[in-house]
Amino acid sequence: MIRLSLAQAYELAESILLHNGFNPAHARAVSDTVLAGERDGCASHGLYRVLGCVNSLRAGKVSPDAVPQVIDQAPSIVRVDAGGGFSQLAFQAGLPLLKEKTRANGIAALAINRCVHFSALWVEIEQLTSAGLVALACNPSHAWVAPAGGNQPVFGTNPIAFGWPREGRNPFVFDFATSAIARGDIELHRRAGKAIPEGWGVDAHGQPSTDPNVVLDAGAMLTFGGHKGSALAAMVELIAGPLIGDLTSAESLAYDAGSKSSPYHGELIIAFDPQRFLGAATDQHLARAEGLFAGIEGQGARLPSQRRYEARARSQVEGVQIPQALYNDLQALLN
Ligand code: NDP
Ligand code: PYC
């Protein structure tokens, strides 16, 4: 392992992205995201993702300099056309109007279209909870995941993330793939030469496999929770695909045409303003929510994101550690 300060990790990502042709705005936005992932102990969506960013650019599957266009679609709907660039800058462009519409209406949605997407969703969710808003986000990816009862990939790994603001505390945030695990984690097992646990994927005949090469290259990933994860994955395909006029995971994979680039599709973010729902009773009801969290933690269970917040506190003091092989692969992108 090799240790980097947070500043060094950011600088490494940004210099690679700039060197390979991304403009400064995209390089900064993407570096912020991958640094956040690495800092919070989410290696599958940390510095490792810079390899995929450069691969996507070299394959001609992401714009290095697209300028997102913000469209005031309806009283409660903001649309941002990412123009084939990474999602981060599009989210940044749409965020102010999303907040404004949420405060005005109590609920509003941001639909990002035509974006190349590789990031963890909690990065965006936290930008809404820090403004006192409740938030929900989801998106398709590439069709890698079989539906419950089948063995042919049709869904993406389709993450769903939710955030709830908490006065004076880190927000309650969960963020997970509707597959048993993010594909990035299986890729990291492959890089490390490790088998994967049973339940993550199947081979080409639908038989359980613990070989990451088989699951990634020939078989299919599985949904979490059987038919329940499968239905949630279908919901994500629908509300962050056809509903917002964008691609499904199968269409994204077809567009990829074997280049192994990051998925290209849309993203849906919905925000809720507790003040608008509750008015003068807001504090009273948010206090009741605290009772729920106390009921979870009071019996020794942990809240989602607690591990991440602990990793963040640690990284801010100690920096981060990445495998030497990843560091070497990243350095090679500076040549
Ligand atoms: P995990 O299964 O590792 O964890 C998902 C969530 O569950 C996290 O909020 C995590 O909190 C929480 N959690 C884990 N263990 C516990 C526990 N014992 N008690 C309470 N909460 C727990 O994540 P996935 O592999 O499903 O997804 C990882 C990331 O990949 C996500 O950030 C997701 O956005 C991203 N992703 C992005 C995709 C894209 O298309 N852009 C596609 C698929 C995934 P904690 O972090 O604190 O452990
Ligand atoms: O890890 O499944 C994943 C993933 C897909 C797109 C970005 N991350």
Side-chain angles (χ1 to χ4, degrees), residues 30 33-34 36-46 48-53 55-56 61-62 86-88 91 112 115-126 136-145 153 155-164 170-190 196-197 199-201 212 215-216 220-225 229 232-233 236-237 240-241 246-249 252-253 256 260-269 293 296-297 299-314:
V30 168
T33 302
V34 297
E38 203 62 56
R39 179 201 65 197
D40 279 20
C42 303
S44 67
H45 290 78
Y48 164 63
R49 290 285 161 180
V50 174
L51 303 178
C53 294
N55 177 57
S56 302
K61 295 293 186 188
V62 66
F86 281 124
S87 61
Q88 284 83 356
F91 177 78
I112 300 177
C115 69
V116 181
H117 203 292
F118 70 84
S119 65
L121 297 185
W122 55 260
V123 180
E124 294 169 356
I125 291 289
E126 285 191 11
L136 189 64
C138 63
N139 59 264
S141 60
H142 278 331
W144 292 309
V145 183
F155 301 135
T157 44
N158 299 9
I160 301 176
F162 172 81
W164 179 274
N170 284 319
F172 172 87
V173 175
F174 71 74
D175 176 13
F176 50 71
T178 47
S179 45
I181 191 78
R183 189 173 182 87
D185 251 308
I186 303 184
E187 291 168 3
L188 292 185
H189 276 73
R190 166 153 75 184
I196 56 172
W200 286 8
V215 170
L216 292 174
M221 295 172 66
L222 295 173
T223 58
F224 84 88
L232 287 172
V236 172
E237 294 288 335
D246 220 311
L247 302 189
T248 62
S249 297
S252 171
L253 190 61
D256 187 63
K260 299 195 184 303
S261 299
S262 297
Y264 173 63
H265 48 70
E267 178 180 352
L268 178 67
I269 299 119
F293 301 134
I296 296 170
E297 291 189 295
Q299 54 183 295
R302 79 157 167 100
L303 297 180
S305 287
Q306 185 188 318
R307 177 202 63 83
R308 209 163 50 69
Y309 297 139
E310 287 166 6
R312 182 181 303 181
R314 217 171 26 250

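Starting from 1, each residue takes its place in the sequence as its number. Counting starts at 1 for both ligands and their atoms, following the listed order.
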Which of the atoms in ligand 1, numbered in the order shown and given with their element, are less than 4.0 Å from a heavy-atom of Asn139? 39 (C), 40 (O), 41 (N)
Hey, could you give me the NE2/OG distance between His265 and Ser252, rounded to the nearest 0.5 Å? 5.5 Å
Regarding Glu187 and Ser44, do their side chains bring together a donor and an acceptor under 3.5 Å, going by distance alone? no
I need the Ile125 CD1 to Asp175 CG distance, nearest 0.5 Å. 7.5 Å
Side chain or backbone, does Ser119 bring an N or O within less than 3.5 Å of an N or O on ligand 1? yes
Mind checking whether Leu121 has an N or O less than 3.5 Å away from an N or O of ligand 1? yes
Would you give the length of the straight line joining atom CG of Asn170 to atom CD of Gln306, rounded to the nearest 0.5 angstrom? 10.0 Å
Answer yes or no: does an N/O atom from Ser141 fall short of 3.5 Å to an N/O atom of ligand 1? no
Do Phe172 and Pro304 touch side chain to side chain, with heavy atoms closer than 4.5 Å? yes
Would you mind checking which non-hydrogen protein atom is closest to atom 1 (O) of ligand 2, with the distance to 0.1 Å? Gly184 N, 2.8 Å
Ligand 1 to Ser179 polar contact by distance, N or O atoms, under 3.5 Å: no
May I ask whether Arg49 places a heavy atom under 4.0 Å from ligand 2? yes
What do we get for Asp40 next to ligand 1 when only non-hydrogen atoms under 4.0 Å count, side chain, backbone, both or neither? neither
Below 4.0 angstrom from a heavy atom of Arg308, which ligand 1 atoms are there? Numbered from 1 as shown, please. 46 (O), 47 (O)
As an exercise, identify every atom of ligand 2 less than 4.0 angstrom from a heavy atom of Phe118. 7 (C), 8 (N)
From the list Cys53, Ser119, Cys115, side chain to side chain contact (heavy atoms under 4.5 Å, CB included) with Phe86 holds only for Cys53
Show, in sequence, the C-alpha distance, side-chain angles and deciding distance for Asn158 and Leu232, and conclude whether the side-chain contact (heavy atoms from CB on, under 4.5 Å) test is met. CA-CA 9 Å; Asn158 299 9; Leu232 287 172; over 6 Å; no
Hey, which atoms in ligand 1 end up nearer than 4.0 Å to a heavy atom of Pro304? 9 (O), 11 (O), 12 (C), 20 (C), 21 (N)
Describe, in one word, how the ring planes of His189 and Trp200 are oriented to each other, choosing from parallel (under 30°), tilted (30 to 60°) and perpendicular (over 60°). perpendicular
So how far is it from Glu237 CD to Cys138 SG, rounded to the nearest 0.5 Å? 10.0 Å
Show the atoms of ligand 1 that are less than 4.0 angstrom away from any heavy atom in Ala177. 24 (P), 26 (O), 27 (O), 43 (C), 44 (C)
Which is closest to atom 19 (N) of ligand 1 in terms of heavy atoms, Arg49, Arg302, Arg307? Arg302
From Ile160 CD1 over to Leu268 CG, what is the distance, rounded to the nearest 0.5 angstrom? 11.0 Å
Is there a protein heavy atom at a distance of less than 4.0 Å from atom 11 (O) of ligand 1? yes
Between Arg302 and Glu310, is there a salt bridge with N-O shorter than 4.0 Å? no
Looking at Ala182, which atoms of ligand 1 are within less than 4.0 Å of one of its heavy atoms? 24 (P), 25 (O), 27 (O), 30 (O), 44 (C)
Is the closest side-chain heavy-atom distance between Val145 and Thr223 below 4.5 Å? yes
With heavy-atom distances below 4.0 Å as the criterion, list the atoms of ligand 1 near Ala120. 32 (O), 34 (O)
So, regarding His265 and ligand 1 (criterion: nitrogen or oxygen to nitrogen or oxygen, under 3.5 Å), is there a contact or not? no
Test your reading of the structure: does Asn158 have an N or O sitting under 3.5 Å from an N or O of ligand 1? no
Indicate yes or no: at least one non-hydrogen side-chain atom of Thr248 is less than 4.5 angstrom from one of Pro140. no
Which of the numbered atoms in ligand 2 are under 4.0 angstrom from any heavy atom belonging to Thr157? 2 (O), 3 (C), 4 (C), 5 (C)
What I'd like to find out is whether the side chain of Tyr309 reaches to under 4.5 Å of the side chain of Val173, using heavy atoms alone. yes
Rounded to the nearest 0.5 Å, how far apart are SG of Cys42 and CH2 of Trp122? 5.0 Å
Test of understanding: given a 4.0 Å heavy-atom threshold, classify the contact between Gln306 and ligand 1 as side chain, backbone, both, or neither. backbone
Can you report which non-hydrogen protein atom sits closest to atom 38 (C) of ligand 1, along with the distance? Pro159 CG, 3.5 Å
Return a yes/no value for Trp144: is any of its N or O atoms, backbone included, closer than 3.5 angstrom to an N or O of ligand 2? no
Side chain of Ser141, backbone of Thr157: donor and acceptor closer than 3.5 Å? yes
Of all the atoms in ligand 1, which lie at a distance below 4.0 Å from a heavy atom belonging to Ser305? 11 (O), 45 (P), 47 (O)
Classify the contact between His117 and ligand 1 as side chain, backbone, both or neither, using a heavy-atom distance cut-off of under 4.0 Å. side chain
Among non-hydrogen protein atoms, atom 8 (N) of ligand 2 lies closest to His45 NE2, 2.8 Å
What protein heavy atom is closest to atom 3 (C) of ligand 2, reported as residue, atom name and distance in Å? Arg183 N, 3.4 Å
Return yes when at least one protein heavy atom is under 4.0 Å from atom 21 (N) of ligand 1, and no when none is. yes
For Trp144 and His142, take the angle between the two ring planes, folded into 0 to 90°, and tell me which bin it lands in: parallel under 30, tilted 30 to 60, perpendicular over 60. perpendicular
Please indicate whether any nitrogen or oxygen in Asp185 is less than 3.5 Å from any nitrogen or oxygen in ligand 1. no
Atom 2 (O) of ligand 1 [closest protein heavy-atom partner, distance rounded to 0.1 Å]: Ile181 CD1, 4.5 Å
Contact check, side chains of Arg49 and Val30, non-hydrogen atoms, under 4.5 Å: no
What protein heavy atom lies closest to atom 42 (C) of ligand 1? Include the residue and the distance to one decimal. Thr157 OG1, 3.2 Å
Side-chain donor/acceptor of Ser56 to backbone N/O of Ser262, under 3.5 Å: yes
How far is atom 31 (C) of ligand 1 from its nearest protein heavy atom, and which residue and atom is that? Asp175 OD2, 3.4 Å
Pick one of side chain, backbone, both or neither for how Trp122 approaches ligand 1, counting any non-hydrogen atom pair under 4.0 Å. side chain
Under 4.0 Å from one or more heavy atoms of Phe174, ligand 1 contributes atoms 9 (O)
If you have a sec, work out which protein heavy atom is nearest atom 30 (O) of ligand 1 and how many Å separate them, to one decimal? His45 CE1, 3.0 Å
